[in-house]
Amino acid sequence: MIKMNDITRDGNPVLRKRAEKLTFPLDPKYLKVADEMMEYLKNSQDPAIAEKYHLRAGVGLAAPQIGLSIQMASVLVPGPDNTIDLEETLVNPVIVSQSVQIAALEEGEGCLSVDKDVPGYVPRHDRITVRYQTLDGEEKTIKLRDYPAIVCQHEIDHLKGTLFYDHINKENPLDIEDNAILIG
Ligand SMILES: O=CN(O)CCNC(=O)c1cccc(Cl)c1Cl
Ligand code: NI
């Protein structure tokens with residue numbers, strides 16, 4: 001199972017590389033990686049397991065965060081009342097369209113690869129359309145908005161070598177354009 005000491009930390013060049021596109025059929029080792037990444041997310045969202053193995057909670061995990069510079073990211077976004085809003089492993093994801101409307105999480109963002117808290121609004125697109133391949137190579141296109149859209153942007157950023165704090169206004173971290181939507 002993936003544990004915190006398997007997570008690459010800021011300063012490791014792998015987090016600043018553009019990850020390699022994957023070809024299909026996927027090498028079986030990458031299928032295993034996908035399972036392990038999703039398992040990490042599930043474990044980290046289970047209070048008992050997270051406490052037992054000292055896992056920081058995550059709603060997404062990108063392959064560069066476990067040292068693999070490949071275009072693969074898993075997302076497990078809970079919805080209200082123990083529902084799941086989005087559970088998917090995205091291979092070679094591309095944001096094919098995005099709203100002009102900007103949104104940010106009121107609480108800011110965190111990252112397993114960034115040990116320090118970096119306060120401030122992370123401006124992102126409120127709505128995005130993502131085209132990706134599933135683990136068996138099927139092309140899918142999904143439209144996302146609000147929290148799931150923000151999570152996917154955070155993960156797709158990882159595949160481009162971008163970290164969330166790159167987007168925070170350095171002079172005034174709580175500065176964001178007037179009509180940005182703040183998501184609580
Ligand atoms: O890349 C994934 N991680 O670093 C896992 C830990 N961070 C989160 O789960 C997280 C927390 C807050 C906002 C967003 Cl958008 C995300 Cl993604
Ligand atoms: Ni992250």
> For the side chain of Ser99 and the backbone of Arg127, is there at least one donor-acceptor N/O pair under 3.5 Å apart?
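At least one qualifying donor-acceptor pair exists.
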> With a 4.5 Å limit on heavy-atom distance, are the side chains of Phe24 and Asn92 in contact?
yes
> Checking the side chain of Gln98 only, and the main-chain atoms of Thr129 only, is there a donor and an acceptor separated by less than 3.5 Å?
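No.
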> Could you tell me whether a side-chain N or O of Asn169 sits under 3.5 Å from a main-chain N or O of Asn172, the two making a donor and an acceptor?
yes
> Say whether, by atom type as modelled, one donor and one acceptor occur between the side chain of Asn12 and the main chain of Arg9 under 3.5 angstrom.
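No: the side chain of Asn12 does not pair with the backbone of Arg9.
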> Look up atom CD in Glu109 and atom CG in Asp117, then write down how far apart they are to the nearest 0.5 Å.
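The distance works out to 13.0 Å.
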> Taking all non-hydrogen atoms of both residues into account, name the closest pair between His125 and Gln153 and its distance.
O-NE2, 2.7 Å
> Check whether any side-chain heavy atom of Tyr40 lies under 4.5 Å from a side-chain heavy atom of Met1, and answer yes or no.
no
> Which atoms form the tightest heavy-atom contact between Gln101 and Ala180, and what is the distance?
NE2-CA, 3.8 Å
> Applying salt bridge (charged side-chain N to carboxylate O under 4.0 Å, His left out) as the test, list every pair that has at least one member in residues 158-177; sequence neighbours left out.
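Listed by first then second residue: Arg16-Asp166.
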> Look only at the side chain of Ser69 and the backbone of Pro64, and say whether a donor-acceptor pair between them is shorter than 3.5 Å.
no
> Do the non-hydrogen side-chain atoms of Val91 and Leu135 ever get within less than 4.5 Å of each other?
yes
> Kindly give the cluster partners of Val96, where membership spreads through any ILVMFWY side chain lying under 4.5 Å from a current member.
Val94
> Are Thr8 and Ile66 side-chain neighbours, meaning at least one heavy-atom pair lies under 4.5 Å?
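Not in contact.
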> Treating Glu106 as the side-chain partner and Tyr121 as the backbone partner, does any N or O pair qualify as donor plus acceptor under 3.5 Å?
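No; zero donor-acceptor contacts below 3.5 Å.
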> How many angstroms lie between CG in Leu31 and CG in Asp27, if you round to the nearest 0.5 Å?
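Spacing of CG (Leu31) from CG (Asp27) equals 8.0 Å.
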> Applying the 4.5 Å side-chain criterion to the ILVMFWY set and letting contacts propagate, would Val33 and Val14 be lumped into a single cluster?
no
> Which distance, rounded to the nearest 0.5 Å, do you find between the NE2 of His54 and the CG of Asn5?
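That separation rounds to 11.0 Å.
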> Leu41 and Ile7: same hydrophobic cluster, using ILVMFWY side-chain contacts below 4.5 Å?
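Cluster IDs for Leu41 and Ile7 match.
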> Kindly give the heavy-atom pair with the smallest separation between Gly58 and Gln45, and that separation in Å.
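Reported closest heavy-atom pair: O-NE2, 2.9 Å.
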> Indicate the atoms forming the closest heavy-atom contact of Ala34 with Ser74, along with that distance.
O-OG, 3.9 Å
> Quick one: do Leu68 and Met4 end up in the same hydrophobic cluster if we chain Ile, Leu, Val, Met, Phe, Trp and Tyr together by side-chain heavy atoms under 4.5 Å apart?
yes
> If two hydrophobic side chains count as joined below 4.5 Å and joins carry through other members, does Leu61 share a cluster with Leu15?
no
> Using a side-chain heavy atom cutoff under 4.5 Å and only I, L, V, M, F, W and Y, what cluster partners does Tyr147 have?
Val59, Val75, Val77, Leu86, Leu90, Ile95, Leu105, Ile128, Val130, Tyr132, Ile142, Leu144, Ile150, Val151, Ile156, Ile181, Ile183
> Would you list the pairs meeting salt bridge (charged side-chain N to carboxylate O under 4.0 Å, His left out) in which at least one residue belongs to residues 41-70, sequence neighbours left out?
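Qualifying pairs: Lys42-Glu87.
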> Verify the cluster assignment for Leu26 and Leu159: are they in a single hydrophobic cluster under the rule of side-chain heavy atoms below 4.5 Å apart?
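In one cluster: no.
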> Decide yes or no for Pro93 and Met72: does some side-chain heavy atom of the first lie under 4.5 Å from some side-chain heavy atom of the second?
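Not in contact.
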> Looking at Glu138, is its backbone amide N or carbonyl O close enough to the side chain of Thr134 to form a donor-acceptor pair, meaning the two atoms are under 3.5 Å apart?
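At least one qualifying donor-acceptor pair exists.
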> Begin with the C-alpha distance, continue with both residues' side-chain angles, and end with the deciding distance and a verdict on side-chain contact (heavy atoms from CB on, under 4.5 Å) for Asp126 and Arg145.
CA-CA 6 Å; Asp126 183 50; Arg145 63 177 304 150; 3.9 Å; yes
> Does Glu107 CD have over 12 foreign heavy atoms under 6.0 Å away?
no
> For a 4.5 angstrom cut-off between non-hydrogen side-chain atoms, does Phe164 reach Val118?
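Yes; the side chains approach each other to less than 4.5 Å.
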> Check whether any side-chain heavy atom of Glu88 lies under 4.5 Å from a side-chain heavy atom of Lys140, and answer yes or no.
yes
> How long is the straight-line distance from OG of Ser44 back to CG of Leu76, given to the nearest 0.5 Å?
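Leu76 atom CG to Ser44 atom OG measures 7.5 Å (nearest 0.5 Å).
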> For Asp157, which residues count as a side-chain hydrogen bond (donor to acceptor under 3.5 Å, both in side chains) partner, sequence neighbours excluded?
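side-chain hydrogen bond (donor to acceptor under 3.5 Å, both in side chains) list for Asp157, sorted by chain: Arg124, His167.
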> Kindly write out the residues that satisfy ring pair (Phe, Tyr, Trp, His ring centres under 6.0 Å) with His158, not counting sequence neighbours, or none if the list is empty.
His154
> For the backbone of Thr83 and the side chain of Asp81, can you confirm whether one donor and one acceptor N or O come within less than 3.5 Å of each other?
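No, because the side chain of Asp81 does not come within donor-acceptor range (under 3.5 Å) of the backbone of Thr83.
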> Apply side-chain contact (heavy atoms from CB on, under 4.5 Å) to the pair Val114 and Tyr165, showing each step before the final yes or no.
CA-CA 9 Å; Val114 179; Tyr165 62 75; 3.9 Å; yes
